[in-house]
Each structure stands twice: as C-alpha cells, then as structure tokens.
*Asks:* 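Got a structure for you, questions after.
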Amino acid sequence: MNNLRKIVNGGFKKMETRNAYIYNSHQRCLDRKLDPYTLPIPGGKLSKSELVQKKRILDDTITVARKFMTKLIAELDGTAVLIVITDHEGYIIELYGDEMIKCQSESLGLSTGIRLKEEEAGTNSIEMALKLGESVQLIGSDHFFHCLHESACFSVPFNSLGKIGGTISVMMAAHHASSFHSGLLQSAVDSIEREVKVKQQNKKLLILNQVLMENSRNGVIMTNEDGKIIEINPFAEKVLSCNKEEICNRPITEIAVIGGYMENVLKGSKKYEDIEISISNKTYLFDSFPIYNESNQIIGVFGQFRDITERLVLERQLMLSEKLSAIGKISAGLAHEIRNPLTSIIGLLEVFKVNLKTDNDKQKEYFRIIFSELERIKNLVQQFVMMAKPDAKEVSKSRVSIHEIIEDILTLMENDFKNKNIKVHYQATFKNKINVDKDKIKQVFLNVLRNSFEAIDFEGNISIAVDQNQSDGEVEITIRDDGSGMDKDTLEKLSTPFHSTKESGLGLGLSMSYHIIELHRGRIKVKSEKEKGTIFTIWLPQS
C-alpha cells in the first residue's frame with residue numbers, strides 16, 4: 001500500500017512538474033511578446049556542411065531509429081504521423097513520415113537544420129524533454145501557438161555515451177493522441193538505445209579485430225561450418241601466396257599443408273596445437289580448433305600459424321655454442337695428455353730410424369706408415385686445440401697477402417694434385433696485404449682446398465680466384481671444384497662440429513674455418529649440388 005502511494009504520489013509530482021513547466025513556459029513566451037496567433041519565422045538555420053557534421057555524429061542512432069520508427073508507424077495502423085530526430089541542442093536532424101503533416105510543418109518553418117527554441121517556437125516538447133530529461137507529451141492547448149492546438153507531440157530523450165544525445169519525437173493530430181502513444185515511443189527509444197549500444201560495441205570490436213588481424217605477425221585463417229574460407233589476414237596471404245578476394249568462399253582443402261588439418265577439425269571436432277609445418281622453406285607452429293555457437297554447435301574452424309624459423313636458428317646456435325664449450329674442455333685435457341707424449345714418441349722414432357740404418361724396404365714402409373699415423377693424430381689434436389680458443393683476442397693480426405698464403409698452400413699440395421691428376425686454375429687480381437691472422441687464415445684455405453681435393457675421385461678441376469669486391473672493398477676468395485658435391489642436408493650442417501660425411505673425418509675442419517672467418521668479421525657462402533661440384537666464397541675485410 002505504501003509503495004502504491006509512492007508511485008501515485010510520484011506520478012502526481014511528475015504531472016505537477018509538467019503542468020508547472022507548461023504554465024511557466026507560456027508565461028515566458030508572453031513576457032517575450034510572442035503572439036500566440038502568429039508563429040514567428042525561425043531565425044538561424046544550420047548550413048549544409050554543419051547539418052552533415054551533426055548527422056555524422058548521430059549516424060548510428062539515425063540508422064537504427066529508422067528501422068524502429070518504421071515499425072512503430074506500422075503499429076499505429078494508418079494514423080498519420082511525423083517523426084522528428086534532434087540532437088542534444090534541439091536542432092532538427094531528421095524529419096520524415098506522413099507527407100501531408102510534413103508539408104504543413106515545413107510551411108510553419110519546421111525543417112531540418114532548425115533549432116526549436118522556446119523564444120521562437122514557443123512551448124515545445126523537444127526543448128521540454130531535453131530540459132527535464134524525460135519523456136514529454138504536449139497535446140492541443142499545451143502548445144503556446146494556436147496553430148498547433150490541433151496537434152499532439154510526444155518527445156523522448158535518448159542517451160548517447162552516458163549523456164543525453166538528443167530526442168526522438170512523434171507528431172500527429174490531437175484527436176488521435178493518447179497516453180498509449182507516449183509509452184509506445186518510450187519503448188521504441190529504449191530499444192533504439194540498446195541496439196545503438198550493441199552496434200557501437202560491435203564497431204569497436206570490429207576495429208579492434210581489424211587492427212589485430214591486419215597487424216598480427218601470426219597467420220590467421222577462418223572457415224564457416226561448410227569448410228569455406230571466410231577470413232584470412234595479410235600475414236597469412238603473404239605466407240600462403242594467395243589473395244583474400246580470390247580465396248574467400250573457396251574450400252579450405254585447397255590450401256596446402258594446413259587445409260587437411262582444418263578439415264579434420266571440422267569433421268571430428270578435434271584440436272591441433274603446436275604442429276610443426278614447413279611452408280616455403282620456413283618452419284611454422286600451427287594451431288587449429290573448432291568455433292562453437294551458444295548452442296555448442298560447430299559454426300567454423302579457426303587456424304593460426306607463427307614463424308619459428310629464427311627461433312630454431314637461435315636454438316641451433318645455442319647447441320653449437322654448448323658443443324664448442326664441451327670441445328674446449330676436452331681440448332684442454334687432450335693438449336696436455338696427448339700432445340707432449342706424442343712429440344716425445346715422434347722424436348724418439350726419428351732417432352731410432354736414423355740409428356737403425358736399414359735397407360729393408362718393408363721396415364722403411366713400416367716407418368712411413370707409423371710417422372703418417374702419428375702425424376694424423378697430431379693434426380687432430382691441433383684441431384681440438386684451435387677449437388678450444390674461440391675468443392677474438394686469440395686472433396693475432398698482421399699485414400699479410402692472401403695471394404701469398406694461397407700460393408704456399410698450392411705448393412704444399414702440389415704432389416697431392418698430381419697424384420689425382422687434378423688441374424688447378426689460379427688467378428689473383430688482388431695481391432695487396434690485409435690485416436689477418438696468417439696461421440688461422442692459412443688453416444681455413446687449407447681446410448677448404450683439402451675438402452675440394454677429397455671431393456674429386458680422380459681427374460678434375462679446382463679454380464681459385466682472389467678479387468676485390470667493388471661494392472664494399474672486401475677481399476673475395478672463390479674456390480670452385482667439379483667434384484661430387486653435397487646434398488641439401490650436408491650443406492645445412494656444414495658448420496656444425498662433429499658432422500662429417502667422411503669415414504675417418506672428425507667434422508671439425510670446416511666448423512673451425514667458419515669460426516675463424518667470423519672472428520675476422522668475414523663471411524662464408526657455399527653453393528653445392530650433388531655430382532655437380534661445390535663453390536666456396538669467402539669475404540674478408542681489409543682491416
């Protein structure tokens with residue numbers, strides 16, 4: 001009972017406020033010397049550009065309101081009405097509905113761009129709704145001007161971004177009006193506010209989605225429930241070498257590598273996580289999972305892939321670093337435990353060989369084999385020792401001619417080349433001295449030439465060229481052979497310690513060469529094809 005009294009009393013107070021406002025408004029109009037029998041011509045009017053700007057601000061509300069107000073007009077069952085939409089200042093932004101009422105209103109000066117102010121338009125529902133912040137109805141004599149006494153106006157303010165954004169009004173003949181129309185309009189405005197809010201939220205989500213999709217460094221692709229592609233972002237377009245306009249609405253199965261996974265997700269409701277795939281010589285991690293609606297039914301499939309190529313390279317470099325560290329520890333022990341006694345053995349054998357003074361050919365052959373094997377052990381130990389010194393401070397640079405280093409090596413290997421009937425073609429257009437560690441660089445060229453020599457079974461060609469790179473001034477050394485060549489897997493692991501295709505190889509020679517060139521701030525590039533030979537290109541800075 002108490003609650004009912006509060007509602008009734010609240011209603012009376014509201015009515016009193018409305019009636020008081022109308023009465024006071026009429027008094028203000030009389031004080032301003034307005035003639036209730038003569039409607040004044042409205043003063044200022046928005047320019048076309050100003051009207052367009054205000055329409056743009058209320059674009060969402062106007063669009064949604066048209067849908068709801070069209071439905072409201074249909075519910076009024078033939079009653080002629082005029083719909084008016086204003087902004088928060090009372091400027092008429094939209095005006096549509098019954099053409100007869102519209103023409104009558106325009107003849108009274110009411111058109112888009114006009115501001116309905118009390119001092120010109122008298123008591124009006126639009127300004128009243130804006131000031132009171134609630135729905136308002138003016139029927140017949142509630143209007144100040146007599147020409148409007150045959151009309152009824154219902155206005156409801158709408159909210160935008162947390163404050164009043166304007167009003168939506170319905171104008172009709174007074175004899176058709178009832179409180180039902182006020183409630184109907186209020187209900188319509190409530191619905192319009194909700195839909196506009198949802199639309200604006202969706203717009204924000206769409207913008208956010210576009211920003212994320214457009215700028216994501218992951219490839220994203222989505223399908224509908226039929227397995228047809230409905231979305232693909234620029235990164236995925238680039239990786240998959242396709243165009244969004246051409247690929248949308250095509251079956252996902254047409255996409256190589258990932259298409260099969262996504263089709264399985266659609267058919268079996270299963271997920272894929274961190275599947276390693278290869279596209280265009282790059283490695284990606286691929287995920288795919290079903291998209292469900294509120295009824296837990298599959299309405300599509302989402303797929304994404306991210307490039308992990310660089311990460312794998314870093315992991316390999318880390319593994320290589322750990323291997324080099326292990327080599328260093330082993331080498332330190334080997335150098336101490338093997339090199340010293342080995343030197344003693346070789347020295348004593350030299351003495352024994354001199355003192356023996358034998359003409360026995362078999363014994364001479366034995367000595368040759370013993371010395372050859374001991375020298376091989378010594379070379380292996382030396383390789384371990386060099387790998388144990390990775391620091392740049394171990395590089396002792398001096399002014400040296402690369403041309404002279406290569407000539408020394410060619411002289412050293414001359415008999416080896418003759419024994420295999422290998423022709424060496426050497427040309428040096430650059431013979432100046434540069435700053436390098438002579439011994440280490442000599443070891444690099446010796447390793448590369450030894451590699452070329454061993455790649456040729458019998459009869460072949462090795463070409464060597466020393467030039468100056470015209471673009472950056474670096475010394476460019478090219479060593480080319482027509483030997484057995486290398487496959488892709490061997491080529492990729494060329495700089496990896498302990499990786500060797502030779503039966504007696506330790507796999508340290510070329511990995512050590514790569515490291516030495518890096519210490520000199522140089523580069524190595526290798527091209528090779530099985531049974532077609534290999535090209536080593538080395539660039540060294542001059543200082």
Side-chain angles (χ1 to χ4, degrees), residues 13-29 31-32 34 39-40 42-46 50-51 53-62 64-66 68-69 72 81-97 105 108-139 142-145 148 151-172 177 179 181-194 196-197:
K13 285 180 181 178
K14 202 170 185 180
M15 184 67 71
E16 286 173 7
T17 304
R18 173 185 171 279
N19 290 337
Y21 183 94
I22 292 171
Y23 174 79
N24 291 331
S25 175
H26 285 186
Q27 290 302 313
R28 287 192 295 271
C29 290
D31 292 342
R32 293 187 182 103
L34 292 179
L39 186 67
K45 185 177 182 180
L46 294 174
E50 289 172 329
L51 183 61
Q53 181 63 28
K54 284 185 175 288
K55 275 190 174 183
R56 190 176 291 120
I57 294 170
L58 293 177
D59 184 57
D60 288 336
T61 301
I62 292 169
V64 175
R66 275 192 173 273
F68 279 93
M69 299 316 290
L72 184 141
V81 298
L82 185 69
I83 308 299
V84 180
I85 300 176
T86 73
D87 71 352
H88 67 288
E89 294 178 309
Y91 283 103
I92 298 176
I93 307 301
E94 281 273 293
L95 194 70
Y96 56 89
S105 299
L108 297 172
L110 299 177
S111 60
T112 54
I114 294 298
R115 185 179 184 184
L116 293 174
K117 298 185 291 184
E118 186 181 76
E119 52 264 37
E120 291 180 353
T123 307
N124 64 87
S125 62
I126 289 170
E127 186 175 42
M128 189 174 170
L130 288 172
K131 285 185 175 180
L132 295 178
E134 59 189 37
S135 61
V136 169
Q137 62 180 38
L138 295 182
I139 301 175
D142 291 339
H143 295 97
F144 177 76
F145 291 106
L148 297 173
S151 303
C153 295
F154 301 90
S155 294
V156 177
F158 61 83
N159 289 313
S160 177
L161 301 175
K163 58 184 180 181
I164 293 177
T167 64
I168 298 177
S169 305
V170 173
M171 186 176 179
M172 64 176 65
S179 58
H181 296 116
S182 180
L184 192 63
L185 179 60
Q186 181 66 64
S187 177
V189 171
D190 289 343
S191 298
I192 290 167
E193 284 182 340
R194 284 194 296 271
V196 168
K197 191 174 181 180

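Just so it is clear, the model here is predicted, and its values are computed rather than measured.
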*Asks:* At their closest point, which heavy atom of Ile126 faces which heavy atom of Ser169, and how far apart are they?
*Replies:*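 Nearest heavy atoms, Ile126 then Ser169: CG1-OG, 3.4 Å.
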*Asks:* Where do Leu110 and Leu116 land on the side-chain contact (heavy atoms from CB on, under 4.5 Å) test, with the steps shown first?
*Replies:* CA-CA 8 Å; Leu110 299 177; Leu116 293 174; 3.4 Å; yes
*Asks:* Rounded at 0.5 Å granularity, tell me how far OG in Ser135 sits from CE in Met128.
*Replies:*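 Answer for the OG-CE pair, Ser135 versus Met128, is 10.0 Å.
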*Asks:* Working note: Leu82 + Val170, criterion side-chain contact (heavy atoms from CB on, under 4.5 Å); need CA distance, chi angles, decisive distance, verdict.
*Replies:* CA-CA 6 Å; Leu82 185 69; Val170 173; over 6 Å; no
*Asks:* Measuring from Met172:CE to Ile139:CD1, what's the distance to the nearest 0.5 Å?
*Replies:* 9.0 Å
*Asks:* To the nearest 0.5 Å, how far apart are OG1 in Thr112 and NZ in Lys45?
*Replies:* 5.5 Å
*Asks:* Is it true that, when you exclude Lys131 itself, more than 12 heavy atoms of the residues, nucleotides or ligands shown sit nearer than 6.0 Å to its NZ?
*Replies:* yes
*Asks:* Testing the basics here: between Ala188 and Leu72, what is the closest heavy-atom pair and its distance to 0.1 Å?
*Replies:*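 Looking at all heavy atoms of both residues, the shortest contact is CB-CD1, 3.9 Å.
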*Asks:* Please check if any side-chain donor atom of Asp190 sits under 3.5 Å from a side-chain acceptor atom of Gln186, or the reverse.
*Replies:*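 Distance-only check passes for Asp190 and Gln186.
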*Asks:* Say you draw a straight line from CG of Leu148 to CG of Leu138; how long is it, rounded to the nearest 0.5 Å?
*Replies:*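 Here the interatomic distance stands at 9.5 Å.
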*Asks:* May I ask you to decide whether Arg115 forms a salt bridge with Glu120, counting only side-chain N to carboxylate O separations under 4.0 Å?
*Replies:* no
*Asks:* Atom NE2 in His26, atom CG in Asp31: separation rounded to 0.5 Å?
*Replies:*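 Here the interatomic distance stands at 13.0 Å.
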*Asks:* Please determine whether a side-chain nitrogen of the Lys or Arg among Glu119 and Arg28 lies less than 4.0 Å from a carboxylate oxygen of the Asp or Glu.
*Replies:*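 The answer is no: the pair does not qualify as a salt bridge.
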*Asks:* Is there a donor-acceptor contact under 3.5 Å from the side chain of Glu193 to the main chain of Asn159?
*Replies:*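 Yes, Glu193 side chain to Asn159 backbone: donor-acceptor pair under 3.5 Å.
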*Asks:* Hey, does Phe145 have a side-chain heavy atom less than 4.5 Å from the side chain of Pro40?
*Replies:*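 Result yes, sub-4.5 Å side-chain heavy-atom pair found.
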*Asks:* Report the residue from Ile192, Thr86, Val156 that forms a side-chain contact (heavy atoms from CB on, under 4.5 Å) with Ile168.
*Replies:*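 When Ile192, Thr86, Val156 are each tested with Ile168, the side-chain contact (heavy atoms from CB on, under 4.5 Å) holds only for Ile192.
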*Asks:* Would you name the heavy atoms of Thr167 and Ala129 that are closest together and state the gap between them?
*Replies:* CG2-CB, 4.2 Å
*Asks:* Any heavy-atom pair between the side chains of Ile85 and Tyr96 that's under 4.5 Å?
*Replies:* yes
*Asks:* Spell out, as yes or no, whether a donor-acceptor pair under 3.5 Å connects the side chain of His143 to the backbone of Ser125.
*Replies:* no
*Asks:* What distance do Ile93 atom CD1 and Asp59 atom CG have between them, rounded to the nearest 0.5 Å?
*Replies:* 12.0 Å
*Asks:* Does the side chain of Thr123 come within less than 4.5 Å of Cys29's, by heavy atoms?
*Replies:*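 Yes, side chains in contact.
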*Asks:* Given His88 and Lys163, is the side-chain contact (heavy atoms from CB on, under 4.5 Å) satisfied, shown in steps?
*Replies:* CA-CA 9 Å; His88 67 288; Lys163 58 184 180 181; over 6 Å; no
*Asks:* How close do Tyr91 and Gly113 get, heavy atom to heavy atom, and via which atoms?
*Replies:*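 Heavy atoms of Tyr91 and Gly113 come nearest at CD2-O, 3.5 Å.
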*Asks:* Could you walk me through whether Glu118 and Ser25 pass side-chain hydrogen bond (donor to acceptor under 3.5 Å, both in side chains), step by step?
*Replies:* CA-CA 8 Å; Glu118 186 181 76; Ser25 175; 2.6 Å; yes
*Asks:* Which atom names give the shortest non-hydrogen contact between Gly122 and Phe144, and what distance separates them?
*Replies:* CA-CB, 4.4 Å
*Asks:* Got Arg18 and Asp142 here, is their nearest side-chain heavy-atom distance under 4.5 Å?
*Replies:* yes
*Asks:* Of all heavy-atom pairs between Thr61 and Val196, which one has the smallest distance, and what is that distance?
*Replies:* CA-CG2, 3.7 Å
*Asks:* Check the pair His181, Leu185 against side-chain contact (heavy atoms from CB on, under 4.5 Å), reporting the backbone distance first and the verdict last.
*Replies:* CA-CA 6 Å; His181 296 116; Leu185 179 60; over 6 Å; no
